[in-house]
Every structure is written in structure tokens, then in C-alpha cells.
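Read through the structure below, which is laid out as C-alpha cells, and then see the notes.
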Amino acid sequence: QGYFTMSRILFFILLAGILSQTHQPAYAQELKTFTPDQMLEVENTNITGITNDGRFAAVTSSSQRDRLGIDHFKFADPTYVQQRKSRLYVLNTESGERNEVTDGPTVIQASAWSPDNRTLAVILMDKQRVTLHMYDAERNRLREFKPKTDLEIASNTDLNWMPDGTGLMLSLRVDGWRAKADSMYTSTNDGPVVIQESDKDFLAWDRVWMQNDQSVLALVNTDSRQVTELTDEVIIASLNIPEDGSFVAVTEEFPLKTNYTRSDDASEEMMYTISLNDPALRDTLISRTEKSLNLDWDPAGTSWAWTEEGKVFIRHIADTAVTEITADRYEFIEKEDTTSLKFSFSRWSESGASMLLRSEKGYHHIDTAGTDMELVFEFPEDENSEPRLNLMHWSDDDRYLYFTSSARDEWQRGMVRYDIETQEMETLMVDDQLYSDWNFAEDADVLLFERAEGNHPYEVYVSNYELSDLRQLTDFNDWLSEYKIPETELIQYMDVDGDTLYGVLYYPANYEEGKQYPLIAYIYENFFDNSFNALANVLANRDYFVLRPSVDLGLGYPGEGWVKGVTTAINKLMERGLVDGSKLGVEGISYGGYGTNLLITQTDRFAAAINNSGKVNAISFLGDSPKIGTRNYSAAEVGQDRIGQTFWEAPDKYVAHSAVFFADRITTPLLILSGEGDWNVPADNQREMYYALRRLGKEVKWVNYMDAGHGAGLAGTEEDFYHQWETVFDWYEKHFEGEEE
């Protein structure tokens, strides 16, 4: 009896232990370390379209692994499509069923749902062959659809269904296009002799790019597969097909010269209609003009609106007269201010009888005759004290305006709705989650969007317009629940100039309160949202703080912004006792790598730095990337570099923003990562810094991946990917440990 009792006691003790292990909460389980292995597998989703009835949605998903192995040396070759692969899924928003359309990852160029909400037209790549497929969502069946033509489909074609579903409009290549494009690319890229002259209107690479833009607009009958060519070989800027499907309005572009300043005088545009009953019948609506034709068509596709110098105009397809609907509406912004209101077109009403305009005061509702205008939504006097609002949708009954909402000083994001009749704002869903890619079904109360918990990948969700029946449709990354995903925090600090900035802090995966950790500042421009960042997660799982700080990059001398903002953000964290100030690292990719190099010429606070694919010489960089034409000139003069003047107007500014000229001031050990096939920031530019630091006796290491592109090993082969991560790990460990010694 005693033995039996003891056995029962032991049995129940053992059983209790098993049950306690089985039902222990998820947070008590041992989570795995997030490494570069997992970084390769994280899926990134993208909603590509939803049917008008809201029943079906097309979604693509791709991982970092799907982007490895691209031939970067073929960039700008019109005959080559880079093999950036993804998987295509169709989701049933009612049942939640998910069907994979493609058999594994493939190159997906375009897709479009038919008007009957059943068929998805898809452009896929079979190696370098462009193929058109039709997917039947009811039958879950994909088949290749071959138009009856000897011309190949353009790889960059758009897909536009006819309103009755009987035809599909797309772009074709003329006979001989591939041979001509290949010859242009080869002679410009390989020679044997390449001659360029200033009396030509275009740079040689601009001519290659324009060849890629050339195509023939064609209509394919979806029953007979017969093809009707609608144009000669042209450059099409935009299309409009009216509800009755009687014609197509084509906006055609005519490049005139290489454009250095991003101005409108480098090309002309014209708009004309082509009768779809008799394609020989054409009518010019707007003759060739240097003005960019940024037009917004009404729902019927028979009238268009546009903005010009703060005024809004409309015109009907059958009328040569132009109506300025904002005439006599230019009251002063304030009584003491003589500046009149400037308007811009926002959107048409569903009926097409009225429209929504935007001014400095708010949103105005106005009829198409311009006789009745009302301020229906007034902006707050101090917009900076209110959440950022972005108009996403205007309800069919004209009553509601749907806005995305994002607080300026905390993670509170989502969707709000404004009632025009009652002039009241209603919160539909605002919380600490991340939201993106809102899709409103045209003919149903269905809203599709992406949602993510902070520092987690997006998944696809569906709901009604009021967001009262939220349902998750995808779970591509549910496996991440087994891994250590670091906590994040929004930090607020002031830069040297006293301006308030924000940054996102990723905590060490094994964080212990009261302990100080190394920190790596991952820099670019401005950061606010705690979106999933695989690089930050890998480093945080090495028990580093990862900080994504914001900087104020002023026009003229933006290079001061990094030292003014990054260092003060780190100071704030050191004051809180979180960070070991002797173990600071800094890195960035592309523009962030450029900022990293400038930063370490101005401070010696960092124990280690990494420049991944960032330029070091703004002067030589102007002509360093021939395949992207004049981009580097315009980037410096009017773009991201923010210098604001040409090199010849302000050579001192270009010197001041070239870290290589101040290499003698660098004391931070620098790791340089580059890709030999990088067409954006060629490895030759970074090589200048390696030679300079080596000549000066500084510690520098340069790793150039011969098969990689922009992003170095992250944009190379799988071997490159792992090699780069091991190099980065070793670099930080070496110099953080060295500081301690």
C-alpha cells in the first residue's frame, strides 16, 4: 500500500510538471536568436489590387532571399529584366481562403483585375520572355494567354481592361526593337569605342533609357485574342478609357534634351483621342506643349481637371472651352494678409458633379460650374499640434472624408472619418499599430490594408469602411513568434540648434535593466515609426542598442546635420544610463553611408564606423554613375544632397560635403563595403577613401563584392550576404572589445 501511494504521488508530480511545461505562457518559453538566417526568410507583402466588389485581392510576397543573385551589371539594358522575384497570392476576403497563383517565386511585372471581378491579368517573366497570363479566381486556375501577334509584349507595360471586359490594353515592342535596344546598350556599355559629343541633344545613356520607353499601344480582344495596334512606336505618359469604352485618350511624351534641372522644358506632351471603333479616327485635345499634363479624369472619363498657378480648371472631352472653377474665389488668407488663396485639385465626387479642392484653409466642396463652393473641412490654426492627416477616400454619397492619422509625438496611428454634414471627426481605429496601403473597394463596403505590430512585418487585413469587423488574411511571418524581436521606444531629443527631433530605439534582445550596452547608430535622414527593420533586429540580437536617429539636413550645408542630431540623441540615452559611451558604432547604407563618412570627420566619439555603398567625394560623384544620366547633378543641386547650387557656383560647398578631403581628421576605424556592380554609387568612389586613409596611416578596411550591387553583400550572392554579416560582426566586436581593453 505504501509503495502504491508513493507511486501515485510520483506520477502526479511528474504529470503536473509535464502540464506546467505544456501550458506555460509564450513569453516564458526560450526564444531563438534572430540571425541573418531569419533575415533572409522574412516575407514583405504588397497589395497589388482589389476587385470592385471587394471579394478578391491580389497580394505579392517576397523575401530578402528572393532578391539575391541579381545581375547588377546588366542594369539599364532595355532587353534585361532584373530577377527580383516574389510570390503572387489571391485572397478571398469573405472566406479568408488564400491561393498561391504562381508556382514559387517568379518575376511579376504587373497585374489588373477585370471589371467582372473574376479574372486577374498578370505579366510574368519566363527568364527574359514576357508572358501574359489570366487567373480565374473562381476556379483557382492560371493559364498563359497568347495574343495573336508576332510582336512581343513590353516588359514595362501597364494593363488596362476595357470597361465591359472584352479587351485588354497593353504595350508591345515593334519588330526589331530588341535587336536595336541590344545594339544601343552594347555599343554604349562595351564599345569598342564610345564617343559622346555636346552637340547631341541627349547623353548616350539617356538615349538607351528612352529606347526602353518606346512601345506600341495595342488592344487585345480577350475572346478572340486578336490584336489591334492603336499607335506607332511612341512614349506614352498616361491613358484614360471612358466608361462607355468608345475611345482612349493618350498623353504622349516627346523628350527634347537631357534634363539637368528637373524642369519642364526638357520635354513636351500632347493629348489626343483614338476611336476604338475606328482607330484611324483621332482628335487632338491638347497640342504639343512644354507644360506637364498632370490631369485628373472624372469617374465617367469624359472631363478632366488640373491645377495651374493656384487655380483649378476643368474641360469636357467634347468642348474646346476651358472653365476656371476657382474664378473670383481668391479671398485673402487673413484680413491683414494680402496673399490670396491658392487652390489645388484633390478628387472628383463619385457622380462627377462636384469635386474637392484643397487650399491653405482646408478642403473645399465645389460644383463643376464653380457657382457654389463651401469650406467643408478647416485645417487647425496650429497644424503641428494636431495629428498628421492624409486624405484617402471620399465616400460615394459625398458625406464622409476618410483620413489616415498619425500623431506627431507618439505612436498613435490609424484611420479617422470626418462627417461633412455634422463637421465632426470620428476615430475609426487609432492605436500603436502600424498601417499601410489602404485599398477601398469601389462598389462594396470592403477596406483592405496592411497592419503590423511595431517592429514586426506587415500582414494583410480586411474590414468594412468603419473598421468594425477587422480580420487578418495573411500570416506569412507567424514563425517570428519563436524568435527574439526587440522592444522599441520612441525617443525625443533636441539637436545642437535646439530643434526637437525624434528617433527610434531598438533594445538589446536580452536587455537587463540597469546594465549599459554598446550602441550602433543606423543613420539616414528622419525616422519616426518603429517599423520592422531586419538589420536592426540582427544587431539587437547581438545585444546592442540600435538607434535610428533623425537629423535636420538644412539646405546649403546639410553635412552639419548628422553631427548636430546623432550625437545629441546618443547623449540623451547616455544620460539615462542605457549606453556605454566607450562602445559607440555608426553605420549607414547609401545616403546613410555618405552621412557616416561625413560624421566621423567631425567627431571622434565612435569606436567603429561602417560605410555601406555611400559616396565619399561629392565632386567626382557628379559623373561617377553614367548609367543614371544626370541624376547625380540634380541630386546635388536640387535633390537629396541639398547643396542647392552647382559646383561652379559654390565649389566650397562641394568640398565641405566630401569626406575624402577631410580624411586626415578621421580617427574612427572605418569599414567600407561596396559592390562592384553598383550603378548607383560605384565602388570607385569609395575606393578614394580607402586609399586616402591608408596613405594617412589610418585604420581602414575595404570589402568590395565583385558580384554585388547597391548595398554591397546584402545585394550580392548568398555567400556575399553571409560574408558581409560576419565581417560586420567581427568589426564591431574587435573595436568594442578594444575600447574596453
Side-chain angles (χ1 to χ4, degrees), residues 296 305 307 309-312 325-326 328-349 354-367 372-395 397-438 440 447 449 465-467 490-495 497-504 525-530 550 552 554:
D296 289 278
T307 303
E309 297 180 350
K311 304 174 182 179
V312 179
I325 63 169
T326 51
D328 303 321
R329 301 288 181 179
Y330 305 107
E331 73 266 22
F332 296 145
I333 298 175
E334 296 178 2
K335 292 181 179 180
E336 65 276 8
D337 188 349
T338 59
T339 303
S340 60
L341 280 178
K342 292 184 178 181
F343 297 95
S344 62
F345 175 84
S346 181
R347 60 194 61 216
W348 289 90
S349 66
S354 60
M355 59 183 66
L356 208 62
L357 309 182
R358 177 176 175 140
S359 75
E360 295 91 332
K361 285 190 172 182
Y363 286 99
H364 307 257
H365 181 261
I366 189 170
D367 65 289
D372 185 18
M373 185 168 74
E374 178 185 3
L375 181 63
V376 294
F377 179 77
E378 188 172 3
F379 294 148
E381 292 185 7
D382 181 13
E383 286 192 65
N384 292 329
S385 64
E386 299 291 333
R388 293 182 179 87
L389 297 178
N390 182 32
L391 180 62
M392 299 299 296
H393 181 70
W394 188 14
S395 64
D397 59 5
D398 297 356
R399 178 172 178 176
Y400 297 105
L401 300 178
Y402 291 80
F403 296 90
T404 59
S405 174
S406 176
R408 298 173 187 268
D409 57 357
E410 61 178 335
W411 288 330
Q412 286 293 303
R413 299 154 292 208
M415 179 77 75
V416 296
R417 182 174 71 176
Y418 180 74
D419 189 327
I420 293 176
E421 289 186 8
T422 65
Q423 297 188 356
E424 294 179 348
M425 186 71 81
E426 176 187 2
T427 298
L428 299 179
M429 183 179 291
V430 174
D431 51 34
D432 61 356
Q433 305 289 291
L434 285 157
Y435 296 89
S436 177
D437 207 4
W438 301 89
F440 292 79
L447 178 56
F449 54 95
Y465 280 14
E466 294 185 349
L467 293 171
L490 180 66
I491 67 167
Q492 178 180 313
Y493 58 97
M494 289 192 298
D495 66 6
D497 295 326
D499 296 324
T500 299
L501 299 176
Y502 293 89
V504 182
E525 290 193 21
N526 292 315
F527 298 102
F528 186 88
D529 287 325
N530 55 336
S550 296
D552 186 7

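Classified by interplanar angle (parallel below 30°, tilted 30° to 60°, perpendicular above 60°), the ring pair Y363/F377 is tilted.
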Evaluate ring pair (Phe, Tyr, Trp, His ring centres under 6.0 Å) for Y502 paired with F527, printing each intermediate quantity in order.
CA-CA 7 Å; Y502 293 89; F527 298 102; over 10 Å; no
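Proximity of a side-chain donor or acceptor of T326 to a complementary backbone N or O of V312 within less than 3.5 Å is detected. R413 places no side-chain N or O within 3.5 Å of a backbone atom of V430 that could act as its donor or acceptor partner. Here the side chain of W411 pairs a donor or acceptor atom with the backbone of F528 at under 3.5 angstrom. Panel note: side chain S359, backbone K342; no donor-acceptor pair is recorded below 3.5 Å.
Here the rule is side chain to side chain contact (heavy atoms under 4.5 Å, CB included) with H365, and of I420, D398, D372 only D398 fits it. When each of F449, Y418, W438, Y465 is tested with H393 by the rule ring pair (Phe, Tyr, Trp, His ring centres under 6.0 Å), just one qualifies, namely Y465.
Other residues, nucleotides and ligands contribute over 12 non-hydrogen atoms within 6.0 Å of the CE atom of M392. Environment of CD in E378: sparse, with no more than 12 heavy atoms of neighbouring residues, nucleotides or ligands closer than 6.0 Å.
D419 is linked by a salt bridge (Lys or Arg N to Asp or Glu O under 4.0 Å) to R399, counting only residues two or more places apart in sequence or in another chain. Residues that satisfy the ring pair (Phe, Tyr, Trp, His ring centres under 6.0 Å) test with Y400, not counting sequence neighbours, are absent from this structure.
Nearest heavy-atom pair across G503 and Y493 is N-CE2, 3.8 Å.
A salt bridge links E466 and R417; the closest N-O separation between the charged side-chain nitrogens and carboxylate oxygens is under 4.0 Å.
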